[in-house]
A.B. asks: 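I'd like to ask you about the structure that follows.
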Amino acid sequence: MGVINATPDSFSDGGTLYRRGRLDIELSLQRARKMVGEGAHILDVGGESTRPGAEPVALQQELDRVVPLIAAIVAELDVAVSVDTSSPEVMRESVAQGATIINDVRALGRPGALQAAAETPATVCLMHMQGAPDTMQQAPRYSDVVAEVAGFLQARADACVAAGISGQRIWVDPGFGFGKSLEHNLELLQGLPRLAELGYPLLVGLSRKSMIASLLGRELDERLPASLGLAVLAAERGARIIRTHDVRATADAVAMAAALAGLAENAVSEDR
Ligand code: 9MG
């Protein structure tokens, strides 16, 4: 899953699709084409930054950022489009323009979001976050982070099913860096098999995240090697969709892990 941030202020690539203070659709399409050429199966289009301290975005502004861009991508490229939003109106409009996945860092928790998603045919990605983006990194606390995240994701998946969203349309995501310390993130990475056991496709976003800076002190533009290591570790532990800013490198790294997993699987079936 390649990240297309239609925002001026996202943590790692905010503003890179802007010219003279405005989102540039042609520049965004160039990025989208490049990512598809590099092997992205999904493009995740977002119009509101969730980094700590980001300015909240008015609904119309979010709509103006993502809806025309989704329409342009769907018209030109053979790729699934997901919309990164928590707003029911943005969900509806984006799906009307051809988005087939709703990626919500608030797990459809905003008023009306669950209902809006249920009224569409889209797949939903339910992400765990402790607190809200502006304060979530101040003092995150858990007694057992893996169990608590698993419990939350199961409860949100149950709420989706109760609202009429079939289990086949649900993905889950532990939300690395969203209300988690470095230790919490590492415990979650280690505990991914427990989250995979919930039975829903597991999405992870580790690309360029600040846990790499906490551990290694790397600046944003120096985080690719560690991001690739994390993507492979996550894939080995059951992640099925990797959200990334660096599609080609991530696809290559994960393909090597998948090839090894395929060998191991074949060896087991030959033994039987
Ligand atoms: C929008 N966004 C930023 N980081 C993310 C992550 O880790 N997972 C998901 N699903 N969305 C994210």
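Atoms within each ligand, like the ligands themselves, are counted from 1 in listed order. Count residues from 1 along the sequence. Here the structure is a predicted model, which means the values were calculated and not measured.
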A.B. asks: As an exercise, identify every atom of ligand 1 less than 4.0 angstrom from a heavy atom of Gly205.
C.D. replies: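 With Gly205 as reference, the close atoms of ligand 1 come out as 7 (O).
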A.B. asks: Specify whether Phe152 and His128 have parallel, tilted or perpendicular ring planes, treating 30° as the upper limit for parallel and 60° as the lower limit for perpendicular.
C.D. replies: perpendicular
A.B. asks: Where on Val105 is there a heavy atom closer than 4.0 Å to ligand 1, on the side chain, on the backbone, on both, or on neither?
C.D. replies: side chain
A.B. asks: Within the 4.0 Å heavy-atom shell around Asp84, which atoms of ligand 1 are there?
C.D. replies: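 Counting atoms of ligand 1 from 1, those under 4.0 Å from Asp84 are 1 (C).
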A.B. asks: If you measure from each non-hydrogen atom of Leu203 to ligand 1, which part falls under 4.0 Å: side chain, backbone, both or neither?
C.D. replies: side chain
A.B. asks: Can you tell me how far the CZ atom of Arg156 sits from the CG atom of Leu114, to the nearest 0.5 Å?
C.D. replies: 6.0 Å
A.B. asks: Considering residues, nucleotides and ligands other than Arg33, do more than 12 of their heavy atoms fall under 6.0 Å from its CZ?
C.D. replies: yes
A.B. asks: Please check whether Asp44 reaches ligand 1 - meaning an N/O of the residue sits under 3.5 Å from an N/O of the ligand, judged on distance alone.
C.D. replies: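 It does not: no N or O of Asp44 is found under 3.5 Å from an N or O of ligand 1.
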A.B. asks: So, regarding Asn103 and ligand 1 (criterion: nitrogen or oxygen to nitrogen or oxygen, under 3.5 Å), is there a contact or not?
C.D. replies: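 For ligand 1, there is an N or O atom that lies under 3.5 Å from one belonging to Asn103.
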A.B. asks: How far is atom 3 (C) of ligand 1 from the closest protein heavy atom, and which atom is that?
C.D. replies: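 Minimum-distance protein heavy atom for atom 3 (C) of ligand 1 reads Arg243 NH1, 3.2 Å.
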A.B. asks: Closer than 4.0 Å to some heavy atom of Lys209 - which atoms of ligand 1 meet that?
C.D. replies: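 Per the distance check, 4 (N), 5 (C), 6 (C), 7 (O).
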A.B. asks: Determine yes or no for a side-chain-to-main-chain donor-acceptor pair under 3.5 angstrom, with Ser207 supplying the side chain and His245 the backbone.
C.D. replies: yes
A.B. asks: Among Glu183, Arg194, Lys180, whose side chain to side chain contact (heavy atoms under 4.5 Å, CB included) with Leu188 holds?
C.D. replies: Lys180
A.B. asks: Charged N to carboxylate O below 4.0 Å: is that the case for Arg243 and Asp173?
C.D. replies: no
A.B. asks: For Asp173 and ligand 1, does the shortest N/O to N/O distance drop below 3.5 Å?
C.D. replies: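 Yes; at least one N/O pair falls below 3.5 Å.
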A.B. asks: Could you go step by step and tell me if Ile242 and Val254 meet the side-chain contact (heavy atoms from CB on, under 4.5 Å) rule?
C.D. replies: CA-CA 9 Å; Ile242 312 280; Val254 170; 4.2 Å; yes
